[in-house]
Amino acid sequence: MGPWLVPSCPEPKLLTAEDAAEMLKAVILIGGPQKGTRFRPLSFEVPKPLFPVAGVPMLQHHIEACSKVPNLKEILLIGYYQPNEALSRFLVTAQQEFKVAIRYLQEFSALGTGGGIYHFRDQILSGGPQAFFVMNADVCCAFPLLQMLEFQKKHEETHRYIMLGTTANRTQSLNYGCIVAKADTQEVLHYVEKPGTFVSDIINCGIYLFSPSIFEHIAEVFKRNQQDLQLCSSCISEENSSWQRTEVIRLEQDIFTALAGRGQLYVYKTDGFWSQIKSAGSAIYASRLYLDQYHVTHPERLAHNKAGAPVILGNVYVHPTANVDPTAVLGPNVSIGMGVTIGAGVRVRESIILHGAVLQDHSCVLNTIVGWDSSIGRWARVEGTPSDPNPNDPYAKIDSETLFREGKLTPSITILGCNVSIPAEVVILNSIVLPHKELSRSFKNQIIL
C-alpha cells in the first residue's frame with residue numbers, strides 16, 4: 001500500500017549534491033488503534049500520538065526536536081491508523097509551524113518496529129539521506145538528537161547504528177531491552193529484550209540513528225522469514241497472511257540481538273529525563289517532565305502568578321483560550337486545554353484538563369485526566385492515586401500498570417472520558433469513567449461502563 005499524504009504536503013524540492021551528502025530524515029513509529037488499549041478511554045477520541053502532553057500533542061515534542069537538527073529535510077510517520085481528520089489537521093499545522101516536510105505512510109497491518117521501516121524503505125531512502133533517526137512515538141525525553149549525530153560522526157567508519165540508552169534500576173531494567181556495552185567505546189556487546197534475569201542496568205530508549213545499510217540486515221531477516229514459511233507446509237495455503245508474517249520484523253529481537261558484538265551497533269547514553277507513555281497515568285508523569293523542561297525550551301508556555309490571575313504553584317500550562325477564575329489554585333503539574341472553564345475556588349493538582357471541560361465552583365481535581373467537554377459539579381471531588389516512580393531512586397522509571405490486581409481494580413489516576421458529567425457534591429476516587437456518562441452518585445475504585 002502506498003503512502004497517504006496530507007493534502008497540503010509541499011512538493012519535494014530538487015536537492016543539490018551538497019544537500020544530498022548531508023541530508024538526514026526522521027521516522028516516527030506511531031503504531032495503530034490496537035496499540036492504544038492501555039490508553040483507553042482517552043484513545044477512543046483521538047489517536048494516542050495526538051493526545052496532549054504538557055499542552056501540545058505527544059507527537060509535537062518529537063517533531064519539534066527533529067526540526068532543530070540541521071539538514072533534516074523530511075519526517076515520515078509510519079503507522080496503521082486509518083487517515084483521519086485529526087491526523088491530517090495536525091500534520092498540516094506542524095508542517096507550517098516547523099517548516100519541515102511531514103508525510104504519513106500507512107501500513108496495511110502492524111508490521112513491527114523493523115517491518116514498517118523496511119516496507120517503506122524506498123520512501124526513507126528517497127533523495128539519498130546519509131542517515132535517519134527512528135523514534136517510537138510513545139516515549140518522552142529531551143531528544144538528544146544532535147548529540148547522537150555528533151557521536152556517530154566522530155566514529156563514522158564504525159558507528160553505523162546508534163541507539164539511545166539510559167540507566168534504570170536493577171529490578172525495573174527487566175521490563176525493557178537491556179544493553180551490555182564496552183565501557184570505553186560504548187560498542188553494544190549483548191542485547192536482550194525484557195530478560196528473565198538481570199543483564200544490565202542500561203536500557204533501550206526507543207530512539208535510534210541508522211545509516212541506510214541497516215536495511216541490508218533487515219532484508220536478511222525478511223529472507224529468513226520467507227524461507228521458514230516455505231518450510232512450513234501448513235502455512236502455504238494461507239498465502240496472504242503468510243506473506244504478511246514475513247514482513248513482521250522487530251528491531252529489538254530480530255536486528256539488535258544479531259548486530260550486538262559485531263562492531264557496528266553502539267549506545268549513546270543520556271543522563272536527561274526519559275519515560276515511556278504507555279498508559280494514561282504515565283501521561284501525567286510525562287507532562288510533569290515536559291513542563292519542567294519548558295523552563296529552558298518554552299518559558300512562554302508556563303503560567304506565572306500575577307495580579308487578577310489564579311494562584312500558580314509550580315509548573316502549569318494554561319491555554320490562552322481557557323477561562324480561569326482568579327480565585328482558583330492550579331499546580332503543580334497541571335495542563336489546562338483550549339476553551340476550558342474553571343470556576344471560583346477550584347483546586348487542580350497533578351492533572352490534565354482537556355479541551356472544553358468545565359470545572360464548576362469549589363470543585364477539587366487531583367491526579368486526574370478530565371476528558372474533552374466533560375463537566376465537574378460544584379464542590380465535587382475527583383481524585384486518583386499517582387503511579388510515579390520512586391522519588392528517592394534517581395534511576396527509577398514509571399511502572400507499567402496492570403488494570404487489575406488480585407481481582408480488584410488497581411488504584412491509579414482517575415480518568416473521565418469525553419462528555420462525562422459529574423454532579424455536585426460527590427466524590428469520584430480511583431475510577432475510570434467511559435465517555436458520555438452522566439453520573440448521579442459517588443464512586444470508588446470502579447470502571448463505570
Side-chain angles (χ1 to χ4, degrees), residues 39 41-46 50-58 60 86 89-90 93 280-281 283-288 290-291 294 298 300-306 308-384 413-424 426 428 431-439:
F39 223 73
L42 301 168
S43 55
F44 288 151
E45 306 307 315
V46 298
L50 298 186
F51 182 81
V53 177
V56 300
M58 197 187 297
Q60 185 165 321
R89 190 168 55 244
F90 168 74
T93 304
I284 290 181
Y285 179 64
S287 187
R288 183 194 305 166
Y290 279 135
L291 287 172
Y294 282 173
H298 286 286
E300 75 285 354
R301 289 183 184 169
L302 294 172
H304 301 283
N305 286 300
K306 52 188 176 185
V311 176
I312 302 297
L313 305 175
N315 298 328
V316 174
Y317 168 84
V318 180
H319 194 277
T321 62
N323 181 14
V324 184
D325 190 277
T327 60
V329 179
L330 310 178
N333 185 22
V334 167
S335 180
I336 306 295
M338 183 167 58
V340 168
T341 300
I342 296 181
V346 169
R347 179 71 175 102
V348 185
R349 187 180 75 210
E350 296 284 342
S351 297
I352 296 173
I353 315 299
L354 296 171
H355 176 108
V358 176
L359 278 54
Q360 295 182 21
D361 296 356
H362 306 291
S363 56
C364 181
V365 178
L366 312 173
N367 300 298
T368 294
I369 296 179
V370 178
W372 299 268
D373 299 316
S374 290
S375 66
I376 297 176
R378 295 162 60 91
W379 295 100
R381 184 181 183 93
V382 180
E383 184 174 359
I413 69 159
T414 288
I415 304 170
L416 307 184
C418 81
N419 200 23
V420 167
S421 178
I422 306 294
V426 302
I428 308 297
S431 295
I432 298 172
V433 186
L434 266 65
H436 310 291
K437 301 297 174 191
E438 190 168 333
L439 306 189

Undergrad: Which atoms form the tightest heavy-atom contact between Ala380 and Pro423, and what is the distance?
TA: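 Shortest heavy-atom contact: CB-O, 3.6 Å.
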
Undergrad: Looking at every non-hydrogen atom in both residues, tell me the closest pair between Val334 and Arg349 and how far apart they are.
TA: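 So the minimum-distance heavy-atom pair works out to CG2-CA, 3.7 Å.
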
Undergrad: Can you tell me how far apart CG (Leu291) and CZ (Arg301) are? Round to the nearest 0.5 Å.
TA: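 The distance works out to 10.0 Å.
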
Undergrad: Working to the nearest 0.5 Å, report the span between CD1 of Ile413 and CD1 of Ile432.
TA: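 These two atoms lie 8.0 Å from each other.
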
Undergrad: I'd like to know if the side chain of Ser287 and the backbone of Tyr285 have a donor-acceptor N/O pair within less than 3.5 Å.
TA: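 Judged by distance alone, no pair lies under 3.5 Å.
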
Undergrad: Output yes when a side-chain donor or acceptor of Thr327 lies under 3.5 Å from a complementary backbone atom of Gly345, and no otherwise.
TA: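 The answer is yes, because a donor-acceptor pair under 3.5 Å joins these two groups.
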
Undergrad: CE/Met58 to OH/Tyr290 distance, rounded to the nearest 0.5 angstrom?
TA: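 So the CE of Met58 and the OH of Tyr290 are separated by 8.5 Å.
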
Undergrad: So, His362 versus Trp379, ring centres under 6.0 angstrom or not?
TA: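 Under 6.0 Å, so yes.
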
Undergrad: Test side-chain contact (heavy atoms from CB on, under 4.5 Å) on Leu416 and Ile376; report intermediate values, then the result.
TA: CA-CA 10 Å; Leu416 307 184; Ile376 297 176; 4.1 Å; yes

Undergrad: Considering only heavy atoms from C-beta outward, does the side chain of Asn305 approach that of Val311 to under 4.5 Å?
TA: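 In contact.
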
Undergrad: Is any side-chain heavy atom of Pro52 closer than 4.5 Å to one of Ile352?
TA: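 They are not in side-chain contact.
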
Undergrad: Are the side chains of Asp373 and His355 in touch, meaning some heavy atoms are under 4.5 Å apart?
TA: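 Yes; the side chains approach each other to less than 4.5 Å.
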
Undergrad: Does any non-hydrogen side-chain atom of Ile422 lie less than 4.5 Å from one of Ser374?
TA: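 Contact flag for Ser374/Ile422 side chains = no.
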
Undergrad: So does Gly331 get a backbone contact from the side chain of Arg347, meaning a donor-acceptor N/O pair under 3.5 Å?
TA: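 At least one qualifying donor-acceptor pair exists.
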
Undergrad: Checking side chain to side chain contact (heavy atoms under 4.5 Å, CB included) against Val370, which of Val420, Ile353, Val340 comes through?
TA: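 Among Val420, Ile353, Val340, the one meeting side chain to side chain contact (heavy atoms under 4.5 Å, CB included) with Val370 is Ile353.
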
Undergrad: Looking only at heavy atoms, which two atoms of Ala357 and Gly371 are closest? And how far apart?
TA: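 Nearest heavy atoms, Ala357 then Gly371: CB-O, 3.9 Å.
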
Undergrad: Just wondering, do Leu330 and Ile342 contact through their side chains at under 4.5 Å, heavy atoms?
TA: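 Yes, side chains in contact.
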
Undergrad: Is any side-chain heavy atom of Phe51 closer than 4.5 Å to one of Ile369?
TA: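 A side-chain contact exists here, since the closest heavy-atom pair is under 4.5 Å.
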
Undergrad: Does any part of the side chain of Val53, heavy atoms only, come nearer than 4.5 Å to the side chain of Gln60, both counted from C-beta?
TA: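 No; the side chains remain at least 4.5 Å from each other.
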
Undergrad: How far apart are the closest heavy atoms of Tyr294 and Ala54, and which atoms are they?
TA: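 Reported closest heavy-atom pair: OH-O, 2.8 Å.
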
Undergrad: In Å and rounded to the nearest 0.5 Å, what is the SG to NE2 distance from Cys418 to His436?
TA: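 Answer rounded to 0.5 Å: 4.0 Å.
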
Undergrad: Rounded to the nearest 0.5 Å, how far does CD of Glu350 lie from CG of Leu366?
TA: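 One finds 9.5 Å between CG of Leu366 and CD of Glu350.
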
Undergrad: So does Thr414 get a backbone contact from the side chain of Ser431, meaning a donor-acceptor N/O pair under 3.5 Å?
TA: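 Not confirmed, Ser431 side chain does not pair with Thr414 backbone.
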
Undergrad: Ser335 side chain to Gly55 main-chain N or O, any donor-acceptor pair under 3.5 Å?
TA: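 Yes; judged by distance alone, with no hydrogens or angles, the pair exists.
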
Undergrad: Between Asn315 and Pro332, is any pair of side-chain heavy atoms under 4.5 Å apart?
TA: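 With C-beta onward as the side chain, the pair stays apart.
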
Undergrad: Can you tell me how far apart CG (Asp361) and CG (Asp325) are? Round to the nearest 0.5 Å.
TA: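 Atom-to-atom, Asp361:CG and Asp325:CG are 7.0 Å apart.
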
